[in-house]
Q: 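Quick one: the structure is below, questions incoming.
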Protein chains: 2
Amino acid sequence: MEKINIKSLAEELNLSISTVSRALHDSYEISAETKKRVVELATKLNYVPNHHASSLRSKKSKMIAVVIPEVADSFFAQAINGIESVAQENGYHVLIYLTHESLQKEQAILKDFQCGRVDGVLMSVSAETTGALHIKELMAKGIPLVFFDRASDEVETARITTDDLKSSYAATQHLLESGCQKIALLSVSDSLSISNERMAGYKQALLDHHLSFNTADIVLCTNNEEQNLQRMISLLQNSNRPDGIIATVEKLTTSVYLACHSLQLSIPNHVKVISFSNLQSALLLNPSLTTITQPAFEMGRSAATLIFKSLKNKNFNLKGERLVIPSRLDIRSSTVT
Amino acid sequence: MEKINIKSLAEELNLSISTVSRALHDSYEISAETKKRVVELATKLNYVPNHHASSLRSKKSKMIAVVIPEVADSFFAQAINGIESVAQENGYHVLIYLTHESLQKEQAILKDFQCGRVDGVLMSVSAETTGALHIKELMAKGIPLVFFDRASDEVETARITTDDLKSSYAATQHLLESGCQKIALLSVSDSLSISNERMAGYKQALLDHHLSFNTADIVLCTNNEEQNLQRMISLLQNSNRPDGIIATVEKLTTSVYLACHSLQLSIPNHVKVISFSNLQSALLLNPSLTTITQPAFEMGRSAATLIFKSLKNKNFNLKGERLVIPSRLDIRSSTVT
DNA sequence: CTGTTAGCGCTTTCAG
DNA sequence: CTGAAAGCGCTAACAG
């Protein structure tokens, strides 16, 4: 079977290549008659346009990139769902890149975008990221970028976040009102704005309840599960151990649970736990864990919508965009050993 | 700033375009000296190759597509993680497509690949999929395709699965040995091979325990959560209700839980539940749910590895490849109301 | 070891 | 309303 492209279509129809191209793009300057003939032959011959050629020529790839730390976390899984659904509606394709929280990888990935591989980028920065030159460089090339969840403070562009400060305030308050005396906060970064917000809400709640804030109660965790578990254990086997814990990232909750298990501590009898989270089904199944449920799907949709808006409407400015989508405090309280 | 490409590099260095191209590709027929000069200037000027041009010319996109029903499910989230990690190691890029269990979408997506958008495809077919012409057509164009988890029986190509029959046999057996008299199986499809396997293991276990198998105990669920919940409720409020349930798909577990909750049934006292699943952290936190934990990450890695093997080694035949990665029965048994 | 040349398939002025 | 022609940036014969 001979390969079929607009050239072969043109020959078959005794039209010029450009006419066929225009007809397929439904250009206004082509007669209805011709359009019909072209489209009919195209479908008959099962013509599929070569996207590489059109991208090369038109400088538009019809692709967006999603750059995230990991997709293991169900937050990002759902965010991808939201992003992909909007992309499909807009005829765009979605590339996924995982940084595994490494700045170096993040840089390499963004650098590759400079050649126009994608038309826009949705990004959640890695915990390791401090500088922002790689991001700025990319944007300087005219590629729009939207942050979702984790943003860099050094870059002026749209960001979709949750009400991190408010929700961690609410979480802390809830624990205090449930009788907790000593609340620990588990964090993954001291540079991410999102971590700082969550920390700020926590501190503010303590202050408003006339409690002193103790640096030792903030546990900075890493990407190393083993190590995190050890930290949880030493935190909880301390005679002066916390009776409330807020995990600012879903997966840290596992470490807490494991630590409690090995120390024979009961949740929530000995320790009350609140986790920032997004496990739809699973946490629903779990009777012991109060969660701050983040609107991952909505955040994904919003971020994608914004990118496409800026892609369609060239003079649309992303800089001012700040969308805050509220999360939900889901209180659950059965007992678990 | 003037745009920089291999042509501008060539001019700057007084070399020909092809020499520069070859130098950047580390071709053996270029002197070390020249290579060094080229690479140095390239990095100095921050040269980023235009991937659309090279794809067009070389007919290789260095991209693979992952086509899955949804990513909400943590199985696919982890599979993506596995796939992306292998892709990164091999210098490939990953496109994600969601079919939302719709055959029509699946067809449209695969059709677009025919123009060479991607070099290979990893796929888990949608529950709705019956025919396989769209898949065969794609493969006829020389695009390698590997199934993971959900395969089509009508297509001869590599498939990565778990030991579905064995694990559902084990699950059923476990319930029987725990004293269950009447076990229901929740399924999502009666055409997917994976569903059939799981059903077969279930039936076999019943037979081996000299129990009769009752068609009414197999509940076919859909993509509609509301509807599924209703079915669970009518299943469980029946006087002759099952005392054991196997959910062949993670998210059906939610419906079971909700139904039990509204009917005030305790898990596992009134009903023992086993779920095919892959929630790392969350189910770990859940004390009541025995799971068949699927090796999602490994399956993703294996599928990707296979694709790259076939991409590198053109005469590598995928047809015979059948990789079965064992899942794990994780028994948990605390009580939940 | 290096250069010349001919496109990949498509878009897009510019002419009619 | 349609056609001719010039490339997008890169690769890969082929020639030296």
Side-chain angles (χ1 to χ4, degrees), chain A residues 2-39 41-42 45-63 91 112-119 141-142, chain B residues 2-39 41-42 45-63 91 112-119 141-142:
Chain A
E2 169 209 4
K3 79 181 79 166
I4 95 116
N5 48 32
I6 63 174
K7 189 175 163 196
S8 59
L9 290 182
E11 278 163 5
E12 185 87 6
L13 292 164
N14 276 318
L15 287 170
S16 74
I17 292 178
S18 48
T19 302
V20 174
S21 173
R22 277 184 280 235
L24 290 171
H25 285 255
D26 201 22
S27 161
Y28 67 95
E29 46 183 1
I30 299 292
S31 73
E33 165 71 13
T34 309
K35 274 182 195 168
K36 192 164 155 255
R37 284 179 62 215
V38 172
V39 171
L41 186 68
L45 296 185
N46 196 31
Y47 165 70
V48 181
N50 183 316
H51 141 270
H52 298 120
S54 62
S55 292
L56 174 59
R57 184 59 232 251
S58 66
K59 310 276 185 206
K60 288 186 165 61
S61 66
K62 282 277 180 185
M63 304 213 269
D112 174 67
F113 296 164
Q114 290 190 19
C115 71
R117 181 184 289 277
V118 294
D119 295 340
K141 299 261 180 192
Chain B
E2 169 210 2
K3 80 182 77 166
I4 95 117
N5 48 32
I6 64 174
K7 189 174 165 199
S8 60
L9 290 181
E11 278 164 5
E12 185 89 4
L13 291 164
N14 276 317
L15 286 170
S16 75
I17 292 179
S18 52
T19 303
V20 174
S21 173
R22 279 183 281 234
L24 291 172
H25 285 252
D26 201 22
S27 162
Y28 66 95
E29 45 183 3
I30 298 292
S31 74
E33 165 70 12
T34 308
K35 272 181 196 168
K36 194 167 153 249
R37 283 178 63 214
V38 172
V39 172
L41 187 68
L45 297 185
N46 196 32
Y47 165 71
V48 181
N50 183 316
H51 139 270
H52 297 119
S54 64
S55 293
L56 173 60
R57 184 59 233 250
S58 66
K59 310 275 186 207
K60 287 183 165 61
S61 66
K62 282 278 178 185
M63 305 212 269
D112 175 68
F113 296 164
Q114 289 190 18
C115 71
R117 182 185 288 277
V118 295
D119 296 341
K141 300 261 180 192

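Keep in mind it's a predicted model, so treat the numbers as computed, not measured. Computation of the quantities below employed the complete heavy-atom set of this structure, encompassing side-chain atoms and omitting hydrogens, waters and symmetry-equivalent molecules. Numbered from 1 within each chain, the chains take letters A, B, ... in sequence-line order.
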Q: Need two values: the first and the last nucleotide of DNA chain C, 5' to 3', having an atom under 4.0 Å from any heavy-atom of chain A.
A: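 Span of nucleotides near chain A: dG9(C) to dT13(C).
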Q: With sequence neighbours excluded, give me every salt bridge (charged side-chain N to carboxylate O under 4.0 Å, His left out) pair touching residues 12-30 of chain A.
A: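 Listed once each, the pairs are R22(A)-E29(A), D26(A)-K35(A).
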Q: Classify I17(A) by what it touches in the nucleic acid, base, sugar-phosphate, or nothing, heavy-atom distance under 4.0 Å.
A: base
Q: Only pairs at least two apart or in different chains count here, so list each salt bridge (charged side-chain N to carboxylate O under 4.0 Å, His left out) that has a residue in residues 47-62 of chain B.
A: none
Q: Does S31(B) reach a base, just sugar-phosphate, or nothing at all? Heavy atoms under 4.0 Å.
A: sugar-phosphate
Q: With side chain to side chain contact (heavy atoms under 4.5 Å, CB included) as the criterion, how do N50(A) and N5(A) come out once you've worked through the C-alpha distance, each side chain's angles and the decisive distance to 0.1 Å?
A: CA-CA 8 Å; N50(A) 183 316; N5(A) 48 32; over 6 Å; no
Q: Mind checking what makes side chain to side chain donor-acceptor pair (under 3.5 Å) contact with S58(B), not counting sequence neighbours?
A: none
Q: Within residues 51-63 of chain B, find the residues that approach DNA chain C with a heavy atom at under 4.0 Å, and present them sorted by residue number.
A: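 Of all residues in residues 51-63 of chain B, the ones placing a heavy atom under 4.0 Å from DNA chain C are L56(B), R57(B), K59(B).
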Q: Is there side-chain contact between I4(A) and N46(A), with heavy atoms separated by less than 4.5 Å?
A: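 Not touching, per the 4.5 Å side-chain cut-off.
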Q: Please list, chain by chain and in numerical order, all residues satisfying salt bridge (charged side-chain N to carboxylate O under 4.0 Å, His left out) with R117(A), sequence neighbours excluded.
A: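 Residues passing salt bridge (charged side-chain N to carboxylate O under 4.0 Å, His left out) with R117(A): D112(A).
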Q: To the nearest 10°, give me the bend of the helix from dC1(C)-dG16(D) to dG16(C)-dC1(D), comparing the axes of its five terminal pairs at either end.
A: 30°
Q: Identify, with sequence neighbours excluded, every residue that meets side-chain contact (heavy atoms from CB on, under 4.5 Å) alongside I17(B).
A: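 If we apply the side-chain contact (heavy atoms from CB on, under 4.5 Å) test to I17(B), skipping adjacent residues, the hits are I6(B), K7(B), A10(B).
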Q: Go through the structure and list residues passing side-chain contact (heavy atoms from CB on, under 4.5 Å) with K36(B), not counting sequence neighbours.
A: E40(B)
Q: Please name the pair of heavy atoms, one in S8(B) and one in K3(B), separated by the smallest distance, quoted to 0.1 Å.
A: OG-O, 3.9 Å
Q: Identify the two heavy atoms, one from H52(B) and one from G116(A), that lie closest to each other, and give their separation to 0.1 Å.
A: CE1-O, 2.8 Å
Q: On a heavy-atom basis, which atom in L24(A) and which in L9(A) lie closest, and how many Å separate them?
A: CD1-CD1, 4.4 Å
Q: Heavy atoms of chain A, cut-off under 4.0 Å: which first and last nucleotide of DNA chain D, 5' to 3', fall inside that, if you could look?
A: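 Going 5' to 3' along DNA chain D, contacts run dC1(D) to dG9(D).
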Q: List the atom of S55(A), the atom of S61(A), and the distance in Å for their closest heavy-atom pair.
A: OG-CA, 3.5 Å
Q: Could I get the full list of side-chain contact (heavy atoms from CB on, under 4.5 Å) partners for T19(A), not counting sequence neighbours?
A: L15(A), S16(A), I30(A), T34(A)
Q: Return the 5'-most residue of the pair I6(A), R22(A) with respect to DNA chain C, ranking by each residue's nearest nucleotide.
A: I6(A)
